[in-house]
Student: 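To start, I am sharing the structure in question, which I have written as structure tokens.
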Amino acid sequence: MKKILFVEDDHAIALALTYSLEEEGYEVVHTSGVEEALEALRSSFDLVLLDLGLGERSGYEICRALSGSDIPIMILSAMDDEANIVMGLDLGAVDYVTKPFRLQELLSRIRGILRRREKKEEGPIYRLGKIQLDAAKARVSVDHREVFLSALEYRLLLLLMQHPGQVLSREQIIERLWDVDGQFINDNTLSVYIKRIREKVEDVDGSLIRTVRGLGYCAGE
Ligand code: CA
């Protein structure tokens, strides 16, 4: 199910449009402020539908926070002057719809954005906190900055990120990496690899790639 973050402080619009989006089969998370939205964005979304005037704050803050990420933003705003539209698009929004909007047209535009995004994504993208791993491109980034891992480090990180929240025993990990890579890893070298990965992805304290004492490792909670 596609997941949409809908940031809107007008409760009537929020209620009505959330209902329509859910009718269309989307999972909708609605927030009415900037802080709440940024908090929600710790988990992944397929689209952000964004109002601009959010009380004292501006939806542009969310555009800025998402710059460099691959989540498409559609702005939905009563501000219909060219300056705002240009600013919104310059800040990375893929579409800008002005209020009052036509519901069917809005839904059609959303379908279009999601379709285009699906085509672009050739492989799964895994996220763990600030770490993003694009399996199609074998690319790892931290806070949108690319980091370079050795082939084995990459495979180890991929393995952990493919099983979020699941404790993988040292034996399981060694077995899996042995299989795919044919390189020799033992218990000690595994610890060394984990340490190197943590340094590279800026997780030196092991809060993302956790050590589960006596068992193994776990990506995330
Ligand atoms: Ca508003």
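Just so you know, ligand 1 is whichever comes first in the structure, and atom 1 is the first atom listed for that ligand. Quantities reported herein were computed from a predicted structural model and do not represent experimental measurements.
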Student: Does one side chain, of Arg196 or Ser150, offer a donor that lies under 3.5 Å from an acceptor on the other?
Tutor: no
Student: For Arg213, does its backbone N or O pair with a side-chain atom of Thr211 as donor and acceptor, under 3.5 Å?
Tutor: no
Student: Tell me, please, if Asp9 has any N/O/S atom, main chain or side chain, under 3.0 Å from the Ca ion (ligand 1)?
Tutor: yes
Student: Only counting residues at least two apart or in another chain, list the ones meeting salt bridge (Lys or Arg N to Asp or Glu O under 4.0 Å) with Glu27.
Tutor: none
Student: Taking both backbone and side chain into account, is any N, O or S atom of Gly53 nearer than 3.0 Å to the Ca ion (ligand 1)?
Tutor: yes
Student: Using 3.0 Å as the threshold, say whether any N, O or S atom from Asp51 sits that close to the Ca ion (ligand 1).
Tutor: yes
Student: Can Lys3 be said to sit on top of Phe45's aromatic six-ring, NZ or CZ under 6.0 Å from centre and within 45° of the ring axis?
Tutor: yes
